[in-house]
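Computed from heavy atoms alone, side chains included, the values below leave out hydrogens, waters and symmetry copies. Residue numbering restarts at 1 for every chain, and letters A, B, ... go by the order of the sequence lines.
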Number of protein chains: 2
Amino acid sequence: MKVAYEVVKARRDQIAQLLAEHQYLPLAEVCARLGISEATARRDLTALERDHAITRTYGGAVGDYNRRFDSFRERLAQSADAKRRIAHAALDLIKPRMVVYLDGGTTVHAVADALATGGPRPLTVVTNNLMVAERLSDIEGIELNVLAGQYLRRQAVILGAKTQTSAKLWRYDLALFGAEAMTARGLWNTQADVVAVERTVAKSTKSTVFLVDASKLGASAPVFLLSWTDIDKLMTDASTDVLSHAGIVLPNRSLVTC
Amino acid sequence: MKVAYEVVKARRDQIAQLLAEHQYLPLAEVCARLGISEATARRDLTALERDHAITRTYGGAVGDYNRRFDSFRERLAQSADAKRRIAHAALDLIKPRMVVYLDGGTTVHAVADALATGGPRPLTVVTNNLMVAERLSDIEGIELNVLAGQYLRRQAVILGAKTQTSAKLWRYDLALFGAEAMTARGLWNTQADVVAVERTVAKSTKSTVFLVDASKLGASAPVFLLSWTDIDKLMTDASTDVLSHAGIVLPNRSLVTC
DNA sequence: ATTTATATGATTGACTTCGATCATATAAAT
DNA sequence: ATTTATATGATCGAAGTCAATCATATAAAT
């Protein structure tokens, strides 16, 4: 029997809501909860998928509500192995009771990943990256703080003038940064606001460490960040040979290759 | 054939990673991507589910990586209808170019929901609630800012001394708050640090508005927040009769019932 | 009031997935 | 070197899911 359009819409909204809450629901569950037949449930799910509200699966559907950070995640996959190795080396720098700043990039996110599964405790972690925040929140022994500022969902990062102001509220023992490019002159990044925050943090940290995988060698990025003399350590999977060939020569204690 | 345990573990980690990226993958896709048989894929998925890394579905699996804010979502469902009505009434208070503060509770989240689908633009929104932040980020005409501070994932909220400091970085035209209880004396909340932030914001806003559904009438909460004379408006679904019966009497222009 | 359009639920056959079982290959233990 | 343990892939019957089709009831249009 035909039914008022509003009734249909309300029901589909309810299904979308249900899926936002439960992430996944089998078809039978949808039928049971709404008291509708398989056929109607199927039709509703198909319609909702057409409107990009959910994703159908064989036997049910998943909600799209939480599909954020997608572009960030894609970048996470690049050079994932090198990033993981660098991150594990970086763990050695972190000691219990430190206040550690974790930068917004994907390489530094690997450190958060490593920290989540174990490492020195207790720790105070400060970050402007919300994926890092998610990863490390509610972990025993880690107090997680975020900076203030404008939230940019695509990059999962908090930026802006207020971010710099709030970055000054802490004193860091160690700051772990990423960068988009490294050349003989130093380290570069793509966004001016990102660099602004990084420089602000660099001024109030005891130790400044950069984690940069080899793919960033010879890459180019428009905004100059810091020169080699400004940093305490570079951790990379690029070999000393390749680095010096690119004109990057650092004292032994400032370079960790892995 | 038996295979080194590390190989198995690495493969399962890879599947979990893949699911974190794609949220949902059908079994056949897992087989294809890893070059393994259905049987092995099934066994891997079962093992991963046992470790609470993923959730199995009929025909595939979904990643658990993003299942956050769950307890907050549950509270969202309570009195959902009243919250929605109150939120829609609150929309009228918001005018283009305002700087609006949105509090951490579930009632205020309904305002974010309403704002997301339409309303006055442009707006500057400031919040300490990350689910509100998610909801309103990347929306044309809305600049979304978050406060600094310690991130408490269960409540999806940012709190602490630094939160108060960063709350003072803005001047608000309008602040929308929730509360856990209302009595003749005024409004109450459960957590001292939540109240601390709310009071800080209340001091730097032109207009202080509370959105409280009827279920909070007669409820009790330990921390006193503000008395009725301190606020500019109360929006509630409780009737004037019921309110006055509870000893709450407000001037007409300060009370919106819906 | 009559007609038209369509939302729903039931049915059916084709297709897919599942769990159990088994043979086999290889890592780990002895 | 030999034995033991187990990870893997193949197979198969059972159970579940899907898309298509159809009759029907009711909203919307006339």
Side-chain angles (χ1 to χ4, degrees), chain A residues 1-67 80-81 84 117, chain B residues 1-67 81 117:
Chain A
M1 69 295 233
K2 186 166 182 176
V3 127
Y5 176 67
E6 290 168 21
V7 174
V8 177
K9 205 203 160 201
R11 191 185 58 228
R12 291 186 178 165
D13 282 352
Q14 201 184 337
I15 295 178
Q17 173 73 24
L18 234 42
L19 277 166
E21 282 168 26
H22 292 85
Q23 176 146 38
Y24 168 79
L25 284 178
L27 190 79
E29 187 77 18
V30 176
C31 298
R33 282 182 189 259
L34 302 227
I36 57 180
S37 74
E38 268 192 23
T40 302
R42 263 187 247 280
R43 281 187 274 251
D44 284 348
L45 293 182
T46 312
L48 284 166
E49 176 164 55
R50 183 172 29 74
D51 300 344
H52 302 105
I54 64 160
T55 303
R56 278 239 53 191
T57 73
Y58 197 90
V62 294
D64 284 356
Y65 192 81
N66 272 11
R67 310 226 45 207
D81 218 61
R84 204 158 25 236
T117 53
Chain B
M1 68 294 237
K2 185 166 182 176
V3 125
Y5 176 66
E6 289 169 21
V7 174
V8 177
K9 202 199 162 205
R11 190 185 59 228
R12 292 186 177 164
D13 282 351
Q14 201 184 337
I15 294 178
Q17 173 73 23
L18 235 41
L19 277 165
E21 283 167 26
H22 292 86
Q23 175 146 34
Y24 169 78
L25 284 178
L27 190 80
E29 187 77 20
V30 176
C31 296
R33 282 183 188 258
L34 298 242
I36 56 181
S37 74
E38 267 191 24
T40 302
R42 262 187 246 281
R43 281 188 274 251
D44 283 347
L45 293 182
T46 312
L48 285 166
E49 177 164 53
R50 182 171 31 73
D51 300 345
H52 303 105
I54 65 162
T55 303
R56 277 242 51 192
T57 74
Y58 196 90
V62 294
D64 283 357
Y65 194 81
N66 271 17
R67 310 228 42 210
D81 219 59
T117 54

Please state how far atom CD1 in B:I36 lies from atom P in D:dA10, giving the value in whole angstrom units. 12 Å
Using atom types as modelled, flag every donor-acceptor pair under 3.5 Å from a side chain in residues 13-20 of chain A to any protein atom, sequence neighbours excluded.
residue: A:Q17; atom: NE2; partner: A:E21; partner atom: OE2; Å: 3.0

Which heavy atom of A:Y24 sits nearest to which heavy atom of B:Y58, and what is that distance? OH-N, 3.5 Å
Tell me, for nucleotides 11-18 of chain C in 5' to 3' order, what letter each nucleotide earns: B for a base near a protein heavy atom under 4.0 Å, S for only sugar-phosphate near one, - for neither? -----SBB
Below the 4.0 Å mark, does C:dT8 have OP1 or OP2 next to a side-chain nitrogen or oxygen of A:R11? yes
side-chain hydrogen bond (donor to acceptor under 3.5 Å, both in side chains) involving A:R56 - partner list, sequence neighbours excluded: none
Below 4.0 Å: OP1/OP2 of C:dT8 and any side-chain N or O of A:S37: no
Salt bridge (Lys or Arg N to Asp or Glu O under 4.0 Å) with A:E49: which residues, sequence neighbours excluded? none
Mind checking what makes side chain to side chain contact (heavy atoms under 4.5 Å, CB included) contact with A:A10, not counting sequence neighbours? none
When rounded to whole Å, the CG to C1' distance for the pair A:L25 and D:dT17 reads 16 Å
Could you give me the stems involving DNA chain D, meaning stretches of three or more consecutive Watson-Crick or G-U wobble pairs whose two defining distances are both below 3.5 Å? C:1-30 with D:1-30
Pairing residues for B:R43 by the side-chain hydrogen bond (donor to acceptor under 3.5 Å, both in side chains) criterion, not counting sequence neighbours: none
Just how far, in rounded Å, is P of D:dA7 from CD1 of B:I15? 14 Å
Please report the distance, rounded to the nearest Å, between NZ in B:K9 and C1' in D:dT8. 21 Å
Across all chains, not counting sequence neighbours, the side chain to side chain contact (heavy atoms under 4.5 Å, CB included) partners of A:A47 are A:R12, A:R50
Distance-only donor-acceptor test (3.5 Å): side chain B:R43, base D:dG9: yes
How would you list, by chain and number, every residue that makes a side chain to side chain contact (heavy atoms under 4.5 Å, CB included) with B:T46, sequence neighbours excluded? none
